[in-house]
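Quantities reported herein were computed from a predicted structural model and do not represent experimental measurements. This chain uses plain numbering: 1 for the first residue, then up along the sequence.
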Amino acid sequence: MTWIYLLLAGVFEVVFAVGLKASNGFTKPVPTTVFVGGMVASFWFLALAMRDLPAGVAYSVWTGLGAIGTVAVAAFLFRETLGFGTLAGIALILSGIVVIRMTSTA
C-alpha cells in the first residue's frame, strides 16, 4: 500500500503543478482551487508513504514522478515542446525511480 500512496502523491503533484500553471499567477479561481487541492492531496499521500519508506526514497520518487508527469501533461495541455534533452532527462529520472524501487527494502 505504501507504494500506491507514493504513486498517488506523484499524481497529485502533477495536478498541483498543472493547476499552478493554469492559475496564471493565482488570477483564475478554478485552477487556483485545483492547485491547492492537488497540493494538499499530494502532501497527504506523501506523508502516508513516509510512514514506511525512508524520507530520501519517498521524496526522490515523489519528485521524479511529479516531474515526469508534469512534463507529459504540460506537453499535451499547453503544447510545450519536448526536445532531446528533455526526453533524455525523463529517461534518466525514470531509470532512477526503477532502480530505487528495485533496491528498496520497504
Hey, any chance [X] and [Y] share a hydrophobic cluster, counting ILVMFWY side chains that come within less than 4.5 Å of each other, even indirectly?
| X | Y | value |
| --- | --- | --- |
| Tyr59 | Ile97 | yes |
| Phe76 | Phe78 | yes |
| Leu48 | Phe12 | yes |
| Ile68 | Phe16 | yes |
| Leu94 | Val61 | yes |

For the residue pair [X] and [Y], what are the closest heavy atoms and their distance?
| X | Y | result |
| --- | --- | --- |
| Leu65 | Gly10 | CB-CA, 4.1 Å |
| Met50 | Ala58 | CG-CB, 3.7 Å |
| Ala49 | Thr2 | O-CG2, 3.5 Å |
| Lys28 | Asn24 | CE-CB, 4.2 Å |
| Val34 | Gly19 | CG1-CA, 4.4 Å |

**Among Leu87, Val14, Thr86, the one residue meeting side-chain contact (heavy atoms from CB on, under 4.5 Å) with Val71** = Thr86

**Complete:** Per side-chain contact (heavy atoms from CB on, under 4.5 Å), Phe35 is matched among Leu20, Val30, Val18 by Leu20

Straight-line distance of [X] [atom1] to [Y] [atom2], nearest 0.5 Å:
| X | Y | atom1 | atom2 | result |
| --- | --- | --- | --- | --- |
| Leu53 | Tyr5 | CG | OH | 12.0 Å |
| Thr70 | Ile90 | OG1 | CD1 | 10.0 Å |
| Thr63 | Leu46 | OG1 | CG | 9.5 Å |
| Leu8 | Trp3 | CG | CH2 | 13.5 Å |
| Met1 | Leu7 | CE | CG | 11.0 Å |

**Asked** Less than 6.0 Å separating the ring centroids of Phe43 and Trp62?
**Response** yes

**Asked** Does Gly38 offer a backbone N or O that forms a donor-acceptor pair with the side chain of Ser42 under 3.5 Å?
**Response** no

